[in-house]
Amino acid sequence: MPRPLENRAVPPASDFQPLPQSFYEPSAAKVAPALLGHFLIRRTPQGICGGAIVETEAYLTDDPACHGYGRQTPRNRVMYGPPGRAYVYFIYGNHWCFNTVCAREGIAEAVLVRAIEPSFGKELMLAARPVQSELDLSNGPAKFCQAMGIDRTFDGVDLTDPDSPIIVARNLRKTQFCKERAPLITTTRIGITKASGLPLRFYLAGSAFVSRRSRQAEKQIV
DNA sequence: TAAGTGATGCAT
DNA sequence: TGCATCACTTAA
């Protein structure tokens, strides 16, 4: 029986410096690739867990696939708010997905985090998501949310506040991390029907924790 | 490849 | 109020 992580915050983890709000102010199309290699960290009473982001997708204003497309609703509310917040939504009756809100207040853009490499608190994540292979722990948008105990209660949390239960922290070795997992692939987004041809998915092809490989339409940025 | 799951939001 | 749709996962 999976044991969900407690949804309470703990004192600051001073080892981790959250990325500042200015990091999220550009369009999600810029932020999504820039996020690769930085750390998604969950702070719980039992300790921290999380790891480096290796796969993202951008959802833009005027993008029919974006949950914020059209107008503000109860669900997409935080996407319209200030950048640097978490947008967490429920999908397919079972799963949670985690986004970082981008662009200035009033512009609904976000980056869907699709996969992380489990680097910290692996035992906490395995307790919340028991899997045979570590490779299945966090190689999908709903998988790492289950492993890290991310659900609706975190919708809207400030990812730039060191006291938050979820932060995105700077990886001082990001350049090296990405180089070791090159190339950086830009391709089309997964699981959508609207605007499905846009090149707004980004992943480090050298990481074993990417959710799915693209067969074609790959473009290297390195 | 397909079923399961339930909230969401638009159509009625 | 009804119902198609859905940024997924798992078991086949």
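The sequence lines fix the lettering, A, B, ..., with proteins before strands; numbering per chain opens at 1.
Atom OG1 in Thr100(A) sits 10.5 Å away from atom CD in Glu109(A) (nearest 0.5 Å).
Across all strands shown, nothing is found opposite dA7(C) as a Watson-Crick or G-U wobble partner with both distances under 3.5 Å.
Counting non-hydrogen atoms under 4.0 angstrom, Arg212(A) reaches nothing in the nucleic acid.
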Base-contact (B) and sugar-phosphate-only (S) positions in nucleotides 4-12 of chain C, heavy-atom cut-off under 4.0 Å, - elsewhere: --BBBSS--
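A donor and an acceptor atom, one from each side chain of Gln21(A) and Thr160(A), are nowhere located under 3.5 Å apart. Side chains of Glu117(A) and Ser207(A): a donor-acceptor N/O pair is present below 3.5 angstrom, by distance only.
A salt bridge does not link Glu25(A) to Arg104(A): none of the charged nitrogens lies less than 4.0 Å from a carboxylate oxygen.
Note: Phe120(A) and Phe16(A) meet the aromatic proximity criterion, with ring centroids under 6.0 Å apart. The six-membered or imidazole ring of Tyr69(A) lies away from that of Tyr59(A), with a centre-to-centre distance of 6.0 Å or more. Centroid-to-centroid, the aromatic rings of His67(A) and Tyr89(A) come within less than 6.0 Å.
Using a 4.0 Å cutoff to heavy atoms of chain A, the contacted part of DNA chain B runs 5' to 3' from dG4(B) to dC10(B).
Geometric assessment of Arg77(A) against the ring of Tyr80(A) yields a negative cation-pi assignment under the 6.0 Å and 45° thresholds.
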